[in-house]
Amino acid sequence: MIDVRLLRTNLDGVRSALARRGKPDLLVQVDEAVALDTRLREISLERDTLRAEVNDLSKQVGALRRDKKNDEAEALMERSRAGGDRERVLQSEIDTVQDALQQVMLRIPNLPHPDAPDGAGDHENPIVKGPINLPASFGDHQRVPHWETATALGILDNERATKIAGAMFTMQRGLGATLARALCQFALDQNADAFEEVRPPSFVTTATLTATGHLPKFADDAYAIERDDLWAIPTAEVPLTSLHAGEVLDEAELPVRLMAYSPCYRREAGSAGRDTRGMLRAHEFDKVEILAIARPEDAPALLTELVGRAEALMAALELPYRIIEICTGDMGGSHHRSFDIEVYAPGCDAWLEVSSVSWFSDYQARRADIRFKRTGQKGTEIANTLNGSALAVPRVWAAICENHRQPDGSVRIPAVLLPYMRGATHITPKA
RNA sequence: GGAACGGUGGCAGAGCGGCCUAAUGCACUUGUCUUGAAAACAAGAGGGUUAAUAGCCCCGAAGGUUCAAAUCCUUUCCGUUCCGCCA
């Protein structure tokens, strides 16, 4: 959520920043918010004045009662009662207006960073680095999609996954399952130098899913467990961001650096029929997420660091990759600035998004109420949050199957994963 | 799942309709004293909203009763203990 006060102090700035997202509706929402906020402040002032009166009268009633001056007390109670009645009317209007304002504010997206590139959609995301490791040409053996080769190798069994759970679920078997787990372990180990490993809950409350910006807007994309009023997390970003929700952190504790492996659940409403083959898109997948809660002034450097960490993993896995920056027209609602890492998969002949690293400024932290206190200063400030996928398993798994496929049909395990593969150096066809 | 008891300031803990603008202790900050520290004494100290050092709001949360709620009522969340069940 953006700061309501910005609507009062820098309305033009808000308008022009949001205009860059290229969605005219947003400006209408801003107007709505301004009107509601103005009204809210008016009637709040009125109510507070009334309350002050009632509080004062009540205090006098108490004093008169003690002095046994019951007649005088009665008279004051009468006045106080009248004030209370008017207050109740105002209060109900305040509740209505406040609620409406909250609903509008929750749906107004974050302001893009001044340096974020302008653009209308994903076709305008500039490539900021790469391609790296991209060979001049690929062999025919690499030009086979992983859903064919992996199935033949016996490491992918989506047919049975579908039997068990329905469309868009995947199942890895044998060394394929080991490879998926190896990728998680590798990503965690590579970041353990600076991040605390957390194993968070996979189900969260409505409040938690709202804090990161996934609700109310994206309710259809999340799995809801209605009986228990819980949601399945679409990413570990959700529980990790709220880990310190409602807390005031000490400046000295910042930045908080957390990482987590978690399963991720997405209904993929609206993308049914797209990328349904292989490992490109599924209702459930594994991911290692890295996240930081920081002072605003430290956020830019952390953003660079997180991107660098995600990039380093792709380089270590010997995969061809590039980094793109997300333009204003393609940027997620909570994002302030955002970079994606894409890996090239020669079998699919596509650049696959394998990591997304974002800076949320104070947008999520305000929703989650994550504040910090500067040493020696009064008051608190809203923190900044940043996060990124260190490694999202399925697409990296697919890219390994395609890029590292050998002429004999086997898949070479990248050297960095060998410690996790129980001695296997290649995944070979069953005899 | 059943039962009992709890959730108050950084911590401990009192208050159980009106001098609660929340006692007291510990911890904390500043000052006096001291070469410095300790001790003692004195003062101070939370968060939110607001232009405001005014007012208003915050005693787990949300409703309600009342002229007045930390205090009474309802709902709810969380915790502890016991029972049941269980990887």
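Being a predicted model, the structure only gives us computed values, none of them experimental. Note on naming: letters A, B, ... go to the chains in the order of the sequence lines (proteins, then strands), and numbering restarts at 1 for each one.
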Nucleic acid contacts of residues 68-87 of chain A, taken as heavy-atom distances under 4.0 Å to RNA chain B:
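Contacting residues: A:Met77, A:Ser80, A:Arg81.
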Is there any protein nitrogen or oxygen under 3.5 Å from a nitrogen or oxygen in nucleotides 56-61 of chain B, and what are the pairs?
{"from": "B:C56", "atom 1": "OP1", "to": "A:Asn55", "atom 2": "ND2", "distance (Å)": "3.3"}
{"from": "B:C56", "atom 1": "O2'", "to": "A:Asp48", "atom 2": "OD1", "distance (Å)": "2.9"}

Looking just at side-chain N and O atoms, do A:His214 and A:Thr212 make a donor-acceptor pair shorter than 3.5 Å?
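Note: A:His214 and A:Thr212 side chains meet the donor-acceptor criterion.
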Give me the distance, rounded to whole Å, that separates [N] from [M] when you measure between the [atom1] atoms they each carry.
{"N": "B:G1", "M": "B:U49", "atom1": "P", "answer": "39 Å"}
{"N": "B:G36", "M": "B:G44", "atom1": "C1'", "answer": "24 Å"}
{"N": "B:C19", "M": "B:C72", "atom1": "P", "answer": "16 Å"}
{"N": "B:A39", "M": "B:G31", "atom1": "P", "answer": "16 Å"}
{"N": "B:G64", "M": "B:C59", "atom1": "P", "answer": "15 Å"}
{"N": "B:G15", "M": "B:C20", "atom1": "P", "answer": "15 Å"}
{"N": "B:C78", "M": "B:A23", "atom1": "P", "answer": "31 Å"}
{"N": "B:G9", "M": "B:A61", "atom1": "P", "answer": "10 Å"}

Figure out the [atom1]/[atom2] separation between [X] and [N], and round it to whole Å.
{"X": "A:Leu64", "N": "B:A68", "atom1": "CG", "atom2": "P", "value": "16 Å"}
{"X": "A:Arg65", "N": "B:C19", "atom1": "CZ", "atom2": "P", "value": "14 Å"}
{"X": "A:Asp3", "N": "B:G48", "atom1": "CG", "atom2": "P", "value": "12 Å"}
{"X": "A:Leu249", "N": "B:G46", "atom1": "CG", "atom2": "P", "value": "20 Å"}
{"X": "A:Arg66", "N": "B:C67", "atom1": "CZ", "atom2": "P", "value": "18 Å"}
{"X": "A:Asp228", "N": "B:G1", "atom1": "CG", "atom2": "C1'", "value": "14 Å"}
{"X": "A:Asp37", "N": "B:U49", "atom1": "CG", "atom2": "P", "value": "13 Å"}
{"X": "A:Gln91", "N": "B:A62", "atom1": "CD", "atom2": "P", "value": "12 Å"}

Just to verify, what does A:Ala292 make a side-chain contact (heavy atoms from CB on, under 4.5 Å) with, not counting sequence neighbours?
A:Leu302, A:Leu386
Short N-O contact, [X] and [Y], less than 4.0 angstrom:
{"X": "A:Glu87", "Y": "A:Arg47", "answer": "no"}
{"X": "A:Arg39", "Y": "A:Glu42", "answer": "yes"}
{"X": "A:Arg65", "Y": "A:Asp67", "answer": "no"}
{"X": "A:Arg20", "Y": "A:Asp118", "answer": "yes"}
{"X": "A:Asp250", "Y": "A:Lys373", "answer": "no"}
{"X": "A:Arg295", "Y": "A:Glu381", "answer": "no"}

Counting just side-chain N and O atoms, does A:Arg41 come under 4.0 Å of either OP1 or OP2 of B:U49?
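No, no such contact exists.
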Side-chain N or O of A:Lys59 less than 4.0 angstrom from OP1 or OP2 on B:C20?
no
Side-chain donor or acceptor of A:Arg395 paired with backbone N/O of A:Glu353 under 3.5 Å
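Side chain of A:Arg395 to backbone of A:Glu353: a pair is present.
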Testing the basics here: between A:Cys264 and A:Thr235, what is the closest heavy-atom pair and its distance to 0.1 Å?
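Taking every non-hydrogen atom into account, SG-CA, 3.7 Å.
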With a 4.0 Å cut-off on heavy atoms, is A:Arg88 in touch with a base, just the backbone sugar-phosphate, or nothing at all?
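The answer is nothing, as A:Arg88 stays clear of every strand by at least 4.0 Å.
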Describe the nucleic acid contact of A:Thr380 in one word from base, sugar-phosphate, nothing, applying a heavy-atom distance below 4.0 Å.
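Sugar-phosphate only.
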Using a 3.5 Å cut-off and no angle test, enumerate the donor-acceptor pairs between side-chain atoms of residues 193-200 of chain A and protein atoms at least two apart in sequence or in another chain.
{"from": "A:Asp193", "atom 1": "OD1", "to": "A:Arg309", "atom 2": "NH1", "distance (Å)": "3.0"}
{"from": "A:Asp193", "atom 1": "OD2", "to": "A:Arg309", "atom 2": "NH2", "distance (Å)": "2.9"}
{"from": "A:Arg199", "atom 1": "NH2", "to": "A:Ser202", "atom 2": "OG", "distance (Å)": "2.9"}

Result for side chain to side chain contact (heavy atoms under 4.5 Å, CB included) between A:Leu391 and one of A:Leu317, A:Val354, A:Ile341 points to A:Leu317
In what stems does RNA chain B take part, counting only runs of at least 3 consecutive Watson-Crick or G-U pairs whose two distances fall under 3.5 Å?
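Stem segments, range with range: B:1-7 with B:77-83, B:10-12 with B:24-26, B:28-32 with B:40-44, B:46-49 with B:55-58, B:60-64 with B:72-76.
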With ring pair (Phe, Tyr, Trp, His ring centres under 6.0 Å) as the rule and sequence neighbours excluded, what pairs involving residues 147-189 of chain A come up?
A:Phe169-A:His283
Among B:C19, B:G48, B:C67, find the nucleotide with the atom closest to the side chain of A:Arg371.
B:G48
